[in-house]
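When a ligand or atom number is given, it counts from 1 through the structure's own listing order. This structure is a prediction, so every number in the text was calculated from the model and none was measured.
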Amino acid sequence: MEKAKTYEQLLPQIESLIKDVDNHVGALANVSALLHSSFLHYFWCGFYIVKGDALELGPFQGEVACYTIKKGRGVCGKAWEDKQTVVVPNVLQFPGHIACSSKSRSEIVVPVFRGDNVIAVIDVDSKGYSAFDDIDKEWLEKIEKLIRPLFDTNDASLKEK
Ligand code: SME
């Protein structure tokens with residue numbers, strides 16, 4: 001199926017998956033599971049959450065990942081610092097890329113906003129080169145708007161410091 005169509009079908013599924021759910025960690029884990037199982041080339045997908053001057057590992061699907069990423073470091077830290085989505089066709093050529101897994105070849109990171117502030121990022125890795133383009137950017141940014149409220153929580157593990 002065309003990927004825009006897959007994303008289009010995912011949106012209402014995400015809406016119903018997170019609606020009226022107080023368990024925000026669980027909801028984010030389910031969103032990452034849904035994304036991961038919907039796109040076979042999604043090798044890793046999940047969330048890093050802003051805590052002070054670093055991003056901390058949040059709910060995800062995929063292989064073991066690094067816990068902490070400093071602002072400006074790696075693709076995630078760059079998306080946070082620049083407050084915009086970063087698409088990397090070849091991570092091996094991205095200066096400062098943080099290789100949690102040597103299998104990752106391309107990556108997209110979408111910042112999650114509260115007002116003007118970045119409070120988290122959505123990170124997706126693929127085993128294939130150039131796996132992400134403007135279509136992924138457009139739809140993952142729509143997903144970002146849907147999941148934003150999940151970071152407004154009293155759960156300390158999701159709260160921005
Ligand atoms: N590659 C990321 C680090 C996180 S992992 O991909 C899960 C980066 O460069 O920020």
Side-chain angles (χ1 to χ4, degrees), residues 3 6-7 10 14 17-18 24-114 116-148 150-151 155-161:
K3 71 178 166 186
T6 306
Y7 279 116
L10 275 179
I14 292 173
L17 202 55
I18 67 178
H24 290 186
V25 174
L28 287 168
N30 267 340
V31 171
S32 60
L34 183 63
L35 285 168
H36 194 256
S37 59
S38 301
F39 293 97
L40 291 179
H41 73 92
Y42 268 35
F43 159 69
W44 193 99
C45 73
F47 305 94
Y48 278 90
I49 298 146
V50 173
K51 303 270 165 99
D53 63 351
L55 288 161
E56 296 288 347
L57 182 63
F60 70 95
Q61 290 277 307
E63 288 187 0
V64 166
C66 54
Y67 282 110
T68 306
I69 299 172
K70 293 276 184 198
K71 194 169 193 177
R73 300 289 304 278
V75 187
C76 292
K78 174 94 177 129
W80 175 18
E81 190 170 64
D82 293 354
K83 296 187 170 186
Q84 59 185 18
T85 297
V86 179
V87 178
V88 181
N90 180 352
V91 295
L92 306 175
Q93 289 177 356
F94 186 89
H97 170 252
I98 300 163
C100 291
S101 166
S102 58
K103 293 177 194 153
S104 176
R105 289 289 175 266
S106 58
E107 185 164 359
I108 182 168
V109 179
V110 177
V112 178
F113 289 94
R114 182 184 297 128
D116 280 344
N117 293 327
V118 175
I119 52 170
V121 299
I122 307 171
D123 181 18
V124 188
D125 286 75
S126 174
K127 277 186 189 171
Y129 290 108
S130 303
F132 306 106
D133 57 20
D134 282 349
I135 296 174
D136 300 276
K137 178 178 183 297
E138 178 190 341
W139 287 94
L140 287 168
E141 287 176 356
K142 287 184 184 167
I143 291 170
E144 179 272 314
K145 288 182 183 69
L146 287 184
I147 59 153
R148 257 180 214 182
L150 295 175
F151 296 91
D155 184 331
S157 63
L158 292 179
K159 229 176 183 170
E160 184 198 2
K161 270 190 204 150

For Leu17 against Val31, the heavy-atom pair lying closest together:
CD2-N, 4.1 Å
Name the option, out of Cys76, Ala79, Ala99, that contains the heavy atom nearest to atom 10 (O) of ligand 1.
Cys76
As an exercise, identify every atom of ligand 1 less than 4.0 angstrom from a heavy atom of Glu107.
1 (N), 2 (C), 6 (O), 8 (C)
Where's the contact between Lys78 and ligand 1, heavy-atom distance under 4.0 Å: side chain, backbone, both or neither?
neither
Apply salt bridge (Lys or Arg N to Asp or Glu O under 4.0 Å) to Glu144 and Arg148, showing your working.
CA-CA 6 Å; Glu144 179 272 314; Arg148 257 180 214 182; 2.6 Å; yes
Mind checking whether Arg73 has an N or O less than 3.5 Å away from an N or O of ligand 1?
no
Could an N or O of ligand 1 be found under 3.5 Å from any N or O of Tyr48, whether backbone or side chain?
no
Taken to the nearest 0.5 Å, the spacing of Asp134 CG from Glu141 CD works out to 9.0 Å
Contact check: Ile98 vs ligand 1, nitrogen or oxygen atoms, below 3.5 angstrom:
yes
Could you check Tyr48 against Phe60 for ring-ring contact (aromatic ring centres under 6.0 Å, His included), going step by step and ending with a plain yes or no?
CA-CA 9 Å; Tyr48 278 90; Phe60 70 95; 8.2 Å; no
Does the plane of the ring in Phe151 sit parallel, tilted or perpendicular to the ring in Phe47? Use 30° and 60° as the thresholds.
perpendicular
Which of the numbered atoms in ligand 1 are below 4.0 angstrom from a heavy atom of Asp125?
6 (O)
Give the atom numbers and elements of ligand 1 that come within less than 4.0 Å of a heavy atom of Asp123.
4 (C), 5 (S), 6 (O), 7 (C)
Mind checking whether Val75 has an N or O less than 3.5 Å away from an N or O of ligand 1?
yes
Output the distance between atom CG (Leu35) and atom OG1 (Thr6), rounded to the nearest 0.5 Å.
11.0 Å
Checking side-chain contact (heavy atoms from CB on, under 4.5 Å) against Val112, which of Ile122, Val121, Leu150, Asn117 comes through?
Ile122
Salt bridge or not for Glu138 and Lys142, using N-O below 4.0 Å?
yes
Under 3.5 Å: N/O of Trp44 near N/O of ligand 1:
no
Cys100 neighbourhood, listing ligand 1 atoms whose heavy-atom distance to it stays under 4.0 Å
3 (C), 4 (C), 5 (S), 7 (C)
